[in-house]
Amino acid sequence: MSRRALLITSIVLVAVVLGSVLVIVQRVLPRWSSRATTKAVAAASPTAPAAPGRKIKARLFYVADDGMRLTSIERDIAYGEGAVEQAREIIAAQIAPVVEPLVSAIPPQTKLRAVFITEGGEAYIDLSAEVKSAHPGGTVNELLTIYTLVNALTANLPVVTAVQVLVEGKEVDTLSGHVDLRRPLAKNLAWVQ
């Protein structure tokens with residue numbers, strides 16, 4: 001093969017690879033629109049003030065302005081007696097609807113069904129079907145949703161070392177085809193700005 005033919009073949013190959021990367025990036029980029037999503041969520045039901053009583057400070061996670069990462073915010077949440085009750089309060093606060101300028105990575109109408117923590121420090125969060133059925137899809141969106149939940153528990157409860165998400169009481173392979181949920185996941189602050 002001549003040098004010229006090899007050069008042309010290389011250029012065509014690079015063009016095909018770059019075109020493929022552009023198509024993949026368009027499919028993977030998050031579909032969270034901070035303004036539109038926030039307004040829709042806020043209109044549905046604004047975050048209710050925490051009930052009176054004992055409170056703790058918890059680090060909760062929301063979609064950052066760029067839509068590609070999470071940002072953490074310290075908020076007052078209800079105190080729960082024991083690790084399981086505190087985990088329940090943290091996740092309830094995390095999945096609660098939010099008002100501007102916050103954008104939740106959790107699909108609207110998602111409900112917390114149950115929380116379990118093993119003696120080994122693995123937490124299991126059982127959520128309603130809306131976490132899967134109302135999910136916008138996409139790799140980054142799914143990562144942000146999962147690590148919002150995982151980081152909320154692992155960052156606030158030292159006893160929790162990993163978190164597995166269940167849907168309607170059952171293990172699921174994934175929420176929208178990208179993140180393997182068949183095992184508990186450890187804290188990953190690489191997604192937090």
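- Evaluation of the side chain to side chain donor-acceptor pair (under 3.5 Å) rule for Ser128 yields Glu130 as partners, not counting sequence neighbours.
- Annotation: side chain to side chain donor-acceptor pair (under 3.5 Å) contacts of Thr118 (sequence neighbours excluded): none.
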Practice prompt. For side chain to side chain contact (heavy atoms under 4.5 Å, CB included), just list the numbers for Leu175 and Val179, CA-CA rounded to whole Å, side-chain angles, deciding distance to a tenth of an Å, and then say yes or no.
Written response: CA-CA 7 Å; Leu175 288 183; Val179 180; over 6 Å; no
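- When all heavy atoms of Val160 and Ala123 are compared, the pair lying nearest together is CG1-CB, 3.8 Å.
- Side-chain N or O atoms of Thr145 include none that pairs as donor or acceptor with a backbone N or O of Ile106 at under 3.5 Å.
- For residues 158-168, the pairs satisfying side-chain hydrogen bond (donor to acceptor under 3.5 Å, both in side chains) are Arg113-Glu168, with sequence neighbours left out.
- A continuous path of ILVMFWY side-chain contacts below 4.5 Å connects Leu70 to Ile73, so both sit in one hydrophobic cluster.
- Listed by chain and number, the residues in a side chain to side chain donor-acceptor pair (under 3.5 Å) with Lys170 amount to none (sequence neighbours excluded).
- Atoms CG and OG1, from Leu127 and Thr110 in turn, are 6.5 Å apart once rounded to the nearest 0.5 Å.
- A distance of 7.0 Å separates CD1 of Ile8 from CD1 of Ile11, quoted to the nearest 0.5 Å.
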Can you list, pair by pair, the side-chain donor-acceptor contacts under 3.5 Å of residues 181-193, counting residues two or more places apart and other chains?
unit_1, atom_1, unit_2, atom_2, d
Arg182, NE, Asp180, OD1, 2.8
Arg182, NH2, Asp180, OD2, 3.0
Asn188, OD1, Ala190, N, 3.0

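- Under a 3.5 Å cut-off, the side chain of Asp126 and the backbone N or O of Gly169 do form a donor-acceptor pair.
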Item to complete: Starting from the C-alpha separation in whole Å, work towards a yes-or-no answer on side chain to side chain contact (heavy atoms under 4.5 Å, CB included) for Asp65 and Thr71.
Response: CA-CA 9 Å; Asp65 290 339; Thr71 187; over 6 Å; no
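- A 4.5 Å side-chain heavy-atom check between Lys57 and Glu74 finds at least one atom pair inside the cut-off.
- Distance check: Arg59 CZ to Leu153 CG gives 13.0 Å after rounding to the nearest 0.5 Å.
- The two residues Val159 and Ala83 come nearest to each other via the heavy atoms CG1-CB, 3.8 Å.
- Side chains of Leu166 and Val172 form no contact here, defined as non-hydrogen atoms less than 4.5 Å apart.
- Across Leu112 and Ile95, no two heavy atoms sit closer than the pair N-CD1, 3.4 Å.
- Each of Ile117 and Tyr124 belongs to its own hydrophobic cluster when Ile, Leu, Val, Met, Phe, Trp and Tyr are linked at side-chain heavy-atom distances under 4.5 angstrom.
- For the pair His135 and Asn141, the minimum side-chain heavy-atom distance is below 4.5 Å.
- For the residue pair Ala58 and Ile77, the shortest heavy atom distance occurs at CB-CD1, 3.6 Å.
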Pairs under 3.5 angstrom only: tabulate donor-acceptor contacts from the side chains of residues 84-93 to other protein residues two or more places apart or in another chain.
unit_1, atom_1, unit_2, atom_2, d
Gln86, OE1, Gly80, N, 2.7
Gln86, NE2, Ala78, O, 3.3

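- Taking both residues in full, the closest heavy atoms of Gln94 and Tyr62 are given as NE2-CE2, 3.8 Å, listed atom of the first, atom of the second, then distance.
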